[in-house]
Each structure stands twice: as structure tokens, then as C-alpha cells.
Amino acid sequence: MRTFGAAEHGYDAGMATSDRIAQPWGVRTPYGRGENWPSRTDMFLADGVRAETVERWVPSASVLHSNGDAMDIAVKDGRIVGVCGRTNDRVNRGRLGPKDLYGWQANHAAQRLTEPLIRVDGRLVPTDWDTAMERIARRSRELLDGPGPEAIGFYTSGQLFLEEYYTLGVIAHGAIGTPHVDGNTRLCTATAAEALKESFGSDGQPGSYADVDHADVIALYGHNVAETQTVLWARMLDRLAGANPPGLLCVDPRPTKVAEYATVHLAPLPGSNVALMNALLHELIEHDWIDHDYLAAHTIGFEDLAQQVSGWTPERAADICRLEARQIRQAAELLGAAPRLLSTVLQGFYQSHQATAAAVQVNNVHLLRGMLGKPGCGVMQMNGQPTAQNTRECGADGDLAGFRNYANADHVAELAELWHVSPEDIPHDGPPTHAMRMFELAEQGSLRMLWVSATNPAVSLPELARIRGILARPELFLVVQDIFRTETAELADVVLPAAAWGEKTGAFTNADRTVHLSEKAVEPPGSARPDLDIFLDYARRMDFRDRAGNPLPPWTGAEDAFAAWQRCSAGRPCDYSALTYAKLREGGVQWPCTDEHPDGTERLYTDGHFPTDPDYCETYGKDIADGSTIEEQDYRARDPRGRAIIKAADYAPPHEPPSEQYPLVLITGRTLYHFHTRTKTARAPQLQAAAPEVWAELCPQDAQGAGVSEGDLVEVYSRRGAVRARARITGIRPGVVFLPFHYGYFDDDGEHTRAANELTRTELDPASKQPLFKTAAAAIRLIEHSDGVAPAPTTGASKPYGANVPETVGGERALADHECAEPKGGVAEPVS
Ligand SMILES: Nc1nc2c(c(=O)[nH]1)N[C@H]1C(S)=C(S)[C@@H](COP(=O)(O)OP(=O)(O)OC[C@H]3O[C@@H](n4cnc5c(=O)[nH]c(N)nc54)[C@H](O)[C@@H]3O)O[C@H]1N2
Ligand SMILES: Nc1nc2c(c(=O)[nH]1)N[C@H]1C(S)=C(S)[C@@H](COP(=O)(O)OP(=O)(O)OC[C@H]3O[C@@H](n4cnc5c(=O)[nH]c(N)nc54)[C@H](O)[C@@H]3O)O[C@H]1N2
Ligand SMILES: [Mo]
């Protein structure tokens, strides 16, 4: 039995409670550069439950962001009754964020799917598993016998477990032989993967969260870490509160918490990231803030970059970004003078214009400055979803499993050998079909069956009117596997009820390569089943077999699937070969984890050697500006021989710039309290109450121009649709309107007026194929004045400007416990 507090430090030594809606980051535990981040153990238990009366604590990690906060699930009477952060875990040292603390309540929500549904005479009706699965198997057989494997597509997630993705990848690539498999990771971190591949030869974060402990400057590019990885921000806040605090560079058009604490805050006009990056690189070169030895020994391509950025003076970029040249110079100096620089990149770059080109320039800053593979010198091309890294590793994003190169015949042969199939069975003629292409194929009619697991495209894809039309096509056989009856499920032919986190076992990997095991704590509701079991049931019904006549995939449970994945990953950059379930039960471990590195690997590329060898690399790469593929012989002709590749790109203006009719740039994104389409967070009362309805953020000038003040009902409209929302006046940069994308159209009686994606457009980054959710032209008009205020939280970037708005609080029901290892707190000794 675990007793919170009593075991380690004597009961109530540093124990306290706080409202973690009002204080999302909790209390400070300051520390100085080079010191260990002190622990702080956070716990939230259901009303009336005390730590002493919890029956079991089941190890897991959080699934409502990519940070990988380790936690134990509290179980009593067969139900989840709370969570407690794991004090000794390398990622969070016991801390949890608001979604971690309160989000588990969704597991027991009354609206959980408990039985399969099939469409009969136009309506979804309950059925049994046999009927539902046979319907899917029958349709699959018809399509395989008729038009063939390319009529079938799978659209999965960044929220399942590693074992589930690997199984799905083997079914799609090995057993069916369809190239149409992708994840919602395409909307999320396709650009992270692409940027890592283009610069370093393979996906995989070079750095570690421990770099926060050592960095002198932390640069955050389009990353609102304070709201989207709250525990990582708590680590940064603790450094800021300690000795030798780091400088912060924030590049974000909104007044985020990061911006508030920043040494330099640049708020560029959305869609101008490449112009800004080129000017920053221009300044690094101009001032010779460059590690020439590193550059010569470990990179190729510097001359191209130097030439590309030579004309990009701060003045030129300032004009495009609508910044002052002086601010860009200050930012460059911060980057250029830092002895240890850590950078993070996320959706403000990945979902904006020229995504890969911009993200790669951040890698270039690190290559120029020789700031990789050393403490404090990481670059985090962040993930967003909890298990996005696994979607990519296991091939469920269409890439081949184990970061293998589809254009390398030896890599395909290795997979064929592992799966006992022939190389021709594995589609590898060209790059994998990306998600938006799959929807296009369904629209055109050649994709006839789409199996959607753990994602809600009817809310999360751009240009929803079009997406609804595609999903509703009678010619498309749509399978939806979810834990709730989502907007997407409403359009399905078959709905499969899945077991959720806490109800099934599997491993997953966070944004700094830390793998955690999440074990089953409670039974799923009704007849809901783990996603792994559903995929395996399908494979058995389809009687997929390998060359020797054995079932394909051959495994029957999570641990066997994991063992098969270990073999598949062996020798590849994401090597899990020495990482067993037994080892994971001791806590999080960073891959690669091999016999030589049995405790995992904190940082990649410590010796300056990169996985760019032509025989080893994950890709021969692309032109980062236009997306065209580089052929094998061209790559070999410029063989980087283990050096990193510096790729330059010119700035190109956005394709839908503001106009007279649509004078604003629309950006969309997140708030601290909700996760995506809110299937879980809307069902956690503390979270839902903190951000109950959609709002629109505007700066005072733009609001005034439209005759709008705080709380007024406005319509935000683009060429594609309109959304109604209460206006929140904030310090957002002029010319920009922000909408959170969390609010689907579900509660709206079919009136499609809430979802941000009614307004977004179908445009992709040419290299990563990630949709642009952050650069479109829009306009606003006043619908009606109001005496009230917008339903937006006051704690983060939606903080009100001027108006008298009550603070966002959670009250009594949001009180959570915490206990600090060093209850004294205080400032740590400076490190020389
Ligand atoms: N609370 C919460 N946390 C989450 C999630 C969630 O839904 N809710 N989702 C998780 C997932 S899947 C993801 S992908 C991450 C996303 O995490 P983030 O990327 O941090 O979140 P976003 O709000 O999408 O976008 C970040 C910022 O980009 C800025 N931005 C917009 N356009 C531009 C631009 O052109 N240039 C620059 N420089 N900045 C721009 C926006 O102002 C915004 O503040 O969060 C993860 N964590
Ligand atoms: N406008 C705009 N659009 C965006 C973004 C943006 O910033 N702006 N961000 C994009 C990004 S980064 C992302 S990641 C996507 C997210 O978009 P989605 O993936 O569509 O959003 P979620 O609400 O996370 O959907 C996950 C679904 O999986 C279900 N689920 C949860 N756990 C399980 C499980 O264990 N098994 C199964 N079978 N189902 C489960 C949930 O109930 C939910 O319906 O949205 C993208 N869309
Ligand atoms: Mo994401």
C-alpha cells in the first residue's frame, strides 16, 4: 500500500493543498543551473478518498499531452479514484498538470461507449462484437477480392500504445499491403519528424528534458509550453526562480506565459517564421557566433545557408514579420551569446506556413553553434500527443517500422524477413499516403473503406464542411473505434467501443524519448475491448498468414507485441532491444536502450556522428521548400558520411494573406484546460468549468475597429465558413484573431458554428504534408453586445487585457495535494 507523504518524509512534512485550476503549475521548487530538479509529488483523489484507503496503485503516465508525466493510478472498488505523480521518475519528479490531475474522471463517464454499433436503415444500433467484426471482415474481403488492397485505408492516432501501432502497421503494410495508413500525427508532429530526418538523417529527439537544468538560454518557437506541457514549464519556472536563471526567447504572436517571462519576446505576424529564422541565422553568421570546428567536422551544406541568408538583414525580416529590427538583433544576440542553448519548436512553426523549412532552421542554429549532444544543448522538435513518437517509430504514420527507409531495398527486405513475408508484399514504391491524401482518395471514390481509430477527424481536420461530406459518403465504409460516441462516430457504418488508458496495458514514449509502461488498472466498461485486441481479432477473422502459414501478426497480447517490436527496432536509431516490461516497471527509460546502454541514452549525437549514412538513414530527404524527393543516387553523390545536413530555404509569402475583405490572420490552437476535441476534458468538471465555451481573442485596436468589447458575441468568418464566439480582448499582436479548436459542433443541434476548423483551409506543408491550422485570412463582425465576459481562462495566453474579468479558479472540488522534497524551498547554491 502506498501512503502519500508518510512513507518517505514523515507525514505532512511538506504537505499542502492548492487549487490547481487557479495555479496550474503549482508551487515553486527553485533550483540553480546544473543542479537536480527537486521533486514535488502531486496528488488528486476523488471526494472522500484518502491515500491510506486506496487499494492499489497502478503505474502509468499521462496521455493528455506529450510530456510523459509518470503517475500511479489509484484504484478502489474496481474504479479509478485518483492519481499521484511518481516522485522518482526522470520526467516529472512527481509533478502533474491540471489535465493529469482531473482528466481520469472521463474514464467513468456515463457516455462511454459500451457496445459495438452498426448502421441499420440509416441509424446506429447496438450489436454484438461478432456481428460488428464480421461486417468489417466481409467488407474487407469484398474489397481485397475486387479493387484490391488500395481500397482500404487506416487513419489512426498519437494516443494509442506502441503495441497497438506496431500491430496495425504489420496488418496494413505486411498483411493487407496497403500504402494507405497514417496517423493524426500528420496534423501534429509530421513536421517534427520531417525536420529531424532532413537535418540529422532520422527521426528522434537529440536532446533531453534534463537540458532544462543546464541551459543558459531556452528558445521557444511557436510553443506555448506553459499551457501545453505544464510540467515542463514548471521545470523552466523553477530554473527561473533559482540561481543563474536562463534567458528566454519566446517567438509567438500571443501573450503567452512564456512571453511574460521572456527576456526577448518576438510576436511575428503568423506565416513569417522563415523570414525571421533567416534573419536570426544572418546575424549569427554576421557576428561569427559560430563553432567553426563543429561545423567543419560534423556538417555539410553551410555554404548554401550562408548564401541563402546573406540578404536577410533584420530590417528586411522585420518588415515581413511586422517586428522591429532591433528586437530581432536582441534575439540573435541572446542565441549567439548563450554558452548552452536549448530550443523547443511546436505548432506555431509546424502548423504555420513553410513548416518544415522553418523547423529545420532551428536545427541549423544548433548546428552552427555546435550545440548538440551536450548538457543544456538540446533541440526539441516537440511532440504534442502522448504517443506520437510511437506512431512514427512503429510505422503507423505510413513510414516503415523502425525508422526504415522505404526507398532502401535492404530496409524493406529486413522488414520482410521479420514478418516472414516477401518484400513485394510491403508497399514501398513511393512515400506513404498522407492523411489528407487519404481523405482525397475517399472523396474521389478509390478509397472505399476507412478505419479510424482514436481520432476525431470530423472536428480536427481542416475545412470541416468538406470533411463531413467525405465521411458521410454512402460509398465509403467507415469504421470508428473510440471510447466515446464522437462527431466522427455519428457518421460511421460500424462503431467499435475501445478500452481507454487505465483499462489496458501498453508502453509509450514521450517527447524526450522516455518510454513508460502504462498498466491496466480497472476493467473497461461494458464489452469495450483494448484496441490491440480489436486489431488482432480483425487479423484472425481475415486469416492473415505469413509465408510459413502462421498467423500474421503472430502475437496474442501486449507483452508479446512489445517483444516483437524490440526485435524490429534492434539496430535502428529507436533501439528498444534491452528495454523489457520488467525494466519499464522500475520507471521511465530513454531509448536507445541496448546491451551496451542498458539504462537508456540521455542525449543523441554526443560524438557528433549522425545517422545520415546512405545505408542507414531513414530518408534520402526532400527539398524542404517545395517538397520534391531526393533520389538515392543524388543523395549518395553528396554522401554526408555521418555528418548532419544543413538545409536552407528562402521565405515565400503565405498563399492566403490578409486582404481588404479578410483583414485578419486567423490562428487556432489550445487552452490549458482542454485536450483537443474535449471527449475527455469536457467530462472532467473542474476542467470543463474552467473553459466551458469557445471564444475569440482579439487585440484592443482590432476589437475597437469592429466596435467590439470584452464578452460581445462576434462572428469570425473566412472564405470557408463562420464561427460564433464571445470576444476576449487580449495582448495578442494586432492583425491576428485566435480561436481555440477544442469545441466541436456536437452540442449544437447540427448548427455548425463553433468549430474553428469550419474556417481553416486545406493547405499542406510541401515537405511534411502537415496541414496549416495557423495561417488563413479571416474577418470579424459584431453580432451582439453583452455585459458579460468571454468564457476564456485568465491564467494563460487568453488573459484579459484591461477589462475587469474574474480570475479563473477551480474552488473546493479542485483542491489537490502536493508535497515538496525540500519543504524549505529556497534558492539553491550557485554553480560555478
Ligand atoms: N492543454 C493542452 N495541452 C496539450 C494539448 C491540448 O489540446 N491541450 N495538445 C497536445 C498536442 S497534440 C499538441 S500538438 C501540443 C501543441 O502545443 P503548442 O504548439 O504549444 O500549442 P498551440 O496552441 O497549438 O500553438 C502554440 C502557439 O503557436 C502560436 N502561433 C500561431 N501561429 C504562429 C506563427 O505563425 N508563428 C509562431 N512563431 N507562432 C505561432 C500560437 O499563438 C500558440 O500560442 O500540445 C499538447 N498539449
Ligand atoms: N484548427 C486546429 N485544428 C487542429 C489543431 C489545431 O491546433 N488547430 N491541432 C491538430 C493536432 S496537433 C492534433 S494532435 C489533432 C487532434 O485531433 P483528434 O485526434 O481528432 O482529437 P482528440 O479529441 O484527441 O481525438 C482522439 C479520439 O480518441 C479517443 N480515444 C481516447 N483514448 C482512446 C483509446 O484508448 N482508444 C480509442 N480507440 N480511442 C480513444 C477520444 O475519445 C477521441 O475521440 O487536432 C489537429 N487539429
Ligand atoms: Mo498534436
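Whatever order the structure lists ligands and atoms in, that order sets their numbers, starting from 1. The chain is numbered in sequence order, starting from 1.
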Considering only protein heavy atoms, which is closest to [atom], and at what distance to one decimal place?
{"atom": "atom 26 (C) of ligand 1", "result": "G222 O, 3.5 Å"}
{"atom": "atom 21 (O) of ligand 1", "result": "T228 CG2, 3.5 Å"}
{"atom": "atom 12 (S) of ligand 1", "result": "H676 NE2, 2.9 Å"}
{"atom": "atom 42 (O) of ligand 1", "result": "D252 OD1, 2.6 Å"}
{"atom": "atom 46 (C) of ligand 1", "result": "G384 O, 3.5 Å"}
{"atom": "atom 24 (O) of ligand 1", "result": "R670 NH1, 2.7 Å"}
{"atom": "atom 8 (N) of ligand 1", "result": "H674 O, 2.5 Å"}

message: Please check this pair: side chain of D702 against backbone of P734, looking for a donor-acceptor N/O pair closer than 3.5 Å.
response: no
query: Counting distance only, does the side-chain N/O of K504 pair as donor-acceptor with the main-chain N or O of P530 below 3.5 Å?
result: no
For the 3.5 Å polar cut-off, considering only N or O atoms, please tell me whether [X] and ligand 2 meet it.
{"X": "N456", "value": "yes"}
{"X": "T486", "value": "no"}
{"X": "S453", "value": "no"}
{"X": "T679", "value": "yes"}

Using a 4.0 Å cut-off to any heavy atom of [X], which atoms of ligand 2 qualify?
{"X": "S460", "value": "3 (N), 4 (C), 17 (O), 18 (P), 20 (O), 45 (O), 46 (C), 47 (N)"}
{"X": "F675", "value": "24 (O)"}
{"X": "L160", "value": "34 (C), 36 (N)"}
{"X": "T677", "value": "21 (O), 22 (P), 23 (O)"}
{"X": "K774", "value": "7 (O)"}
{"X": "Q351", "value": "5 (C), 6 (C), 7 (O), 9 (N), 10 (C), 11 (C), 12 (S)"}

Examine ligand 1 and decide if any of its atoms is less than 4.0 Å from a heavy atom belonging to [X].
{"X": "T671", "result": "yes"}
{"X": "H353", "result": "no"}
{"X": "Y350", "result": "no"}

message: I'd like the name of whichever of G348, A797, G271 reaches closest to atom 37 (C) of ligand 1 through any heavy atom.
response: G348
- line: Note: heavy atom closest to atom 18 (P) of ligand 1, options L346, N184, T189, belongs to L346
Mark up the atoms of ligand 1 that fall under 4.0 Å of a heavy atom belonging to [X], in ascending order.
{"X": "S352", "value": "34 (C), 35 (O)"}
{"X": "Q347", "value": "14 (S), 16 (C), 19 (O), 24 (O), 25 (O)"}
{"X": "G669", "value": "23 (O), 24 (O)"}

Less than 3.5 Å between some nitrogen or oxygen of [X] and one of ligand 1, yes or no?
{"X": "V251", "result": "yes"}
{"X": "N224", "result": "yes"}
{"X": "Y673", "result": "no"}
{"X": "N273", "result": "yes"}
{"X": "Y221", "result": "no"}
{"X": "R254", "result": "yes"}
{"X": "H223", "result": "no"}
{"X": "I667", "result": "no"}

task: Please check if the distance between the ring centroids of W233 and Y261 is under 6.0 Å.
output: yes
field: Ring centroid separation Y102 to Y673 under 6.0 Å
entry: no
- line: Going by the 4.0 angstrom heavy-atom rule, the piece of F349 near ligand 1 is side chain
- prompt: For T668 and F773, which heavy atoms make the closest approach, and how far apart are they?
  reply: OG1-O, 2.8 Å
Mind checking whether [X] has a heavy atom under 4.0 Å from ligand 2?
{"X": "N757", "answer": "yes"}
{"X": "E503", "answer": "no"}
{"X": "A499", "answer": "yes"}

query: Salt bridge or not for E490 and R485, using N-O below 4.0 Å?
result: yes
- prompt: In terms of side-chain geometry, is the basic nitrogen of D182 or R186 positioned less than 4.0 Å from the acidic oxygen of its partner?
  reply: yes
Cation over ring face, R235 and Y209, 6.0 Å, 45°: no
message: Taking atom CZ as the centre, does R322 end up with more than 12 heavy-atom neighbours from other residues, nucleotides or ligands that are less than 6.0 angstrom away?
response: no
message: Which residue is it: R720, R468, R724? I am looking for the one with a salt bridge (Lys or Arg N to Asp or Glu O under 4.0 Å) to E758.
response: R468
